[in-house]
Amino acid sequence: MIDFLSPLWLAAAAAAAVPLLLHLLRRRIGARVEFPAVRYLARAEREHSRKLRLRNLLLMLLRMAVVVCVAAAAARPVLRVSGAGHAPTALGVVLDNSMSTSVIVAGHPVLEDLRARASQLVRAASPDDRVWLITADGVVRGGARSAILDDIARAEALAGAGDMEDAATRASTVVASAALPEREVAVVTDGQATAWPEPVSLGAVTAFAYRPAADAPPNRAVVDARAQPVRWTPGGAVQARVMTPDSATYRITLEGRTLARGTVTRDEPILVRAEPSERGWTAGSVELEPDELRGDDARWFATWIGPAPAVHIAPSAGPFASSALDALVEAERARAGGAITFASADEVTALPALLVAPADPVKLGAANRTLERLGIPWRLGAARHGETTVRGAAGSPVPLADVTATIRYPLAPRTSARSDTLATAAGEPWIVSGPGYVLIASPLTPDATTFPVRAAFVPWLGDVLSQRLSADAGTVLATTPGAMVVRPTGADALELPDGDRVPLPDDSLAAPARAGAYFFLHAGSRMGAMVVNPEPSESDLHRLDPTALAARLRARHVTAVEDGARFTTAVFATAPRRPLAAPLLAAALVALVAESAMARGSRTGV
């Protein structure tokens, strides 16, 4: 059986019709010319006409054969033949080293079994094969077989889920680019259902999958832990949720010190209020007793502890802003003082400040002069009227649902200085923030915007005062191991749990691979935190059966098994196939030489 690896080139064989067409046209062109000098030649041609027709026919066939052979060789034909061994194969080994594979079954991590299966495959490869290793974090490793075996032996479980679908897709892309007769992807996984939520298209490769036969053990995990609110002034609460089939004992720590202990039953939330003695940015955790999967027995959180921000509000901010600030003072999330100014932009004299557009358009010029004097890189434009929906942007502390703006002053940047857009209206910045300031492009009056009368206004105001304008301004970024995050404005370094500090030269960074609480630094001082925890879905160890796992992989042919020996045998089980491109090119060369010789003989004979 012959297969073509690049069948589109077969279309080029249509060029073989050109010699045939020229041959037929030549037969029709012949015009009879009666000329005495050529009568002898015509007589000779008639005498040898049978020989000439046969030679022309052979020339045509040789030319057609040259074209057909070259086109067929370009299509890269391979012929499957019987015999020992297997065809040269491009093999992508996808090794699942997500956190769930660190679960202990029968005294050993599941990852040990997966590494053993992957190593057996690599050892079975022949020198004609090419092998790549792709792990759940998307890293692709190629090279010599011994090097890949070393990579497999060194593969450790991630602190998070990774992305098995992306890893399988990368494997199919890598093997598809290889110029080998066989292309196969072998997935070695624990078969965790949450890792394969949707079918993955692998293209025209042959796919194999292995999952252990044993079921996963029951698992207890901390699936949520956070400080409420992010900033404690100085009191706050720890909110957590535990996944457990019955009951579990938990411990809450703050800077390594036990803050609380307790027992929680299935689906029961945890809420512990505290007013600790620590001050500044602080890390904590919620922990369970160890079980077979250790990676989710603890979950981290971070909080800032200190006095509430002191705010001076001017009458120009509006009565609704004053009422909202009174509510925050009563809840001990703010206090009266002069550290932060909350006023119309034309009245602010110093930063930090929460500035709003002036209610009187006549004061617009004074407001812009104040912005320029304070070094705020924005300018209020001419007033625009008409109801516009406000949308909270990335970084907005509170969702701004159902907020509209009727009167607004479009914000235009003065310079390229970096700032954050917290909300937009009609696609234009409506609330912006930078070092020491937050600027709202509308007056906080009901005729200008519904913002001050919506439920989101008070919590938004509390978060902006504490996270954007207070002395230790900053917030907490919650992410997963290895995910990309945006560097907060002003952060120049990251403090690791062991105290080391890593500079942050770029606007984005990859979250550390280890779970924990990391602190952003500005000029050596903590200004926020990044909390890295595994995905809660990774704690659900339910596994797909082989049939369901095979259904998640869409390829030319898919085989999923639980038997390790059968898995190793199935991969590389293809019969050897020999490429035919070289013989075809040789045939084309022979035909070309024959055609040249025959054509030269024809001219000599004439």
Side-chain angles (χ1 to χ4, degrees), residues 85-102 108-192 195 200 202-212 481-482 513 549 553 555 558-561 563-574 576-577:
H86 62 265
T89 301
L91 175 66
V93 180
V94 182
L95 176 61
D96 186 353
N97 63 332
S98 59
M99 187 186 75
S100 62
T101 64
S102 64
H108 300 279
V110 169
L111 183 58
E112 281 190 9
D113 177 41
L114 303 183
R115 283 197 296 243
R117 301 303 169 199
S119 297
Q120 287 177 353
L121 290 181
V122 176
R123 291 192 186 96
S126 71
D128 294 332
D129 300 324
R130 292 192 64 188
V131 182
W132 293 267
L133 174 69
I134 303 94
T135 47
D137 53 0
V139 176
V140 180
R141 303 173 180 87
R145 187 172 59 174
S146 58
I148 294 179
L149 287 172
D150 290 341
D151 290 333
I152 292 175
R154 287 195 296 265
E156 296 183 354
L158 304 174
D163 192 338
M164 286 300 295
E165 294 180 337
D166 177 70
T169 303
R170 287 172 182 253
S172 65
T173 302
V174 168
V175 301
S177 63
L180 291 177
E182 292 294 337
R183 300 161 187 177
E184 299 178 347
V185 171
V187 180
V188 186
T189 176
D190 62 354
Q192 187 183 24
V200 183
L202 303 182
V205 303
T206 302
F208 303 90
Y210 165 81
R211 53 142 279 181
L549 180 57
L553 304 175
V558 181
T559 302
V561 298
D563 187 310
R566 182 185 169 195
F567 174 70
T568 306
T569 303
V571 182
F572 294 127
T574 57
R577 295 195 300 178

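Not measured: the values here are computed from a predicted model.
- In terms of heavy atoms, S98 sits closest to A157 at O-CB, 4.1 Å.
- Distance CZ/R154 to OG1/T135: 12.0 Å, rounded to 0.5 Å.
- Residues L549 and T189 are in side-chain contact: their nearest non-hydrogen atoms beyond the backbone lie under 4.5 Å apart.
- With rounding to the nearest 0.5 angstrom, the OG1 atom of T568 is 4.0 Å from the CD atom of Q120.
- L95 contributes atom CG, which lies 10.0 Å from atom CD1 of I134 (distance to the nearest 0.5 angstrom).
- The CG atom of D150 sits 11.5 Å away from atom CG of L133, with the distance rounded to the nearest 0.5 Å.
- Residue M164 holds its CE atom at 10.0 Å from CG of D166, rounded to the nearest 0.5 Å.
- For the residue pair F567 and V187, the shortest heavy atom distance occurs at CZ-O, 4.2 Å.
- Here the closest non-hydrogen pair linking D563 and Y210 is C-CE1, 4.0 Å.
- Annotation: R130, atom CZ; neighbour count of heavy atoms from other residues, nucleotides and ligands within 6.0 Å does not exceed 12.
- Remark: L91 CG to E184 CD distance equals 6.5 Å, nearest 0.5 Å.
- Using a 4.5 Å cut-off on side-chain heavy atoms (C-beta onward), P212 and V110 make contact.
- More than 12 heavy atoms of other residues, nucleotides or ligands lie within 6.0 Å of CD in E112, so this atom counts as buried by the packing criterion.
- Nearest approach of A207 to A555, heavy atoms of both residues: CB-CB, 3.9 Å.
- In this structure a side-chain-to-backbone donor-acceptor pair under 3.5 Å is present from R145 to R123.
- With L114 as the partner, the side chain to side chain contact (heavy atoms under 4.5 Å, CB included) test is satisfied by one option alone out of V188, I152, N97: V188.
- Counting only distance, with no hydrogens or angles, the side chain of R183 and the backbone of A204 share no donor-acceptor pair below 3.5 Å.
- A pairwise comparison of heavy atoms in V140 and V174 identifies CG1-CG2, 4.2 Å as the closest pair.
- A donor and an acceptor atom, one from each side chain of D128 and S126, are nowhere located under 3.5 Å apart.
- In terms of heavy atoms, A178 sits closest to W132 at CB-CH2, 3.9 Å.
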Verdict with supporting geometry, V561 and F208, side-chain contact (heavy atoms from CB on, under 4.5 Å): CA-CA 8 Å; V561 298; F208 303 90; over 6 Å; no

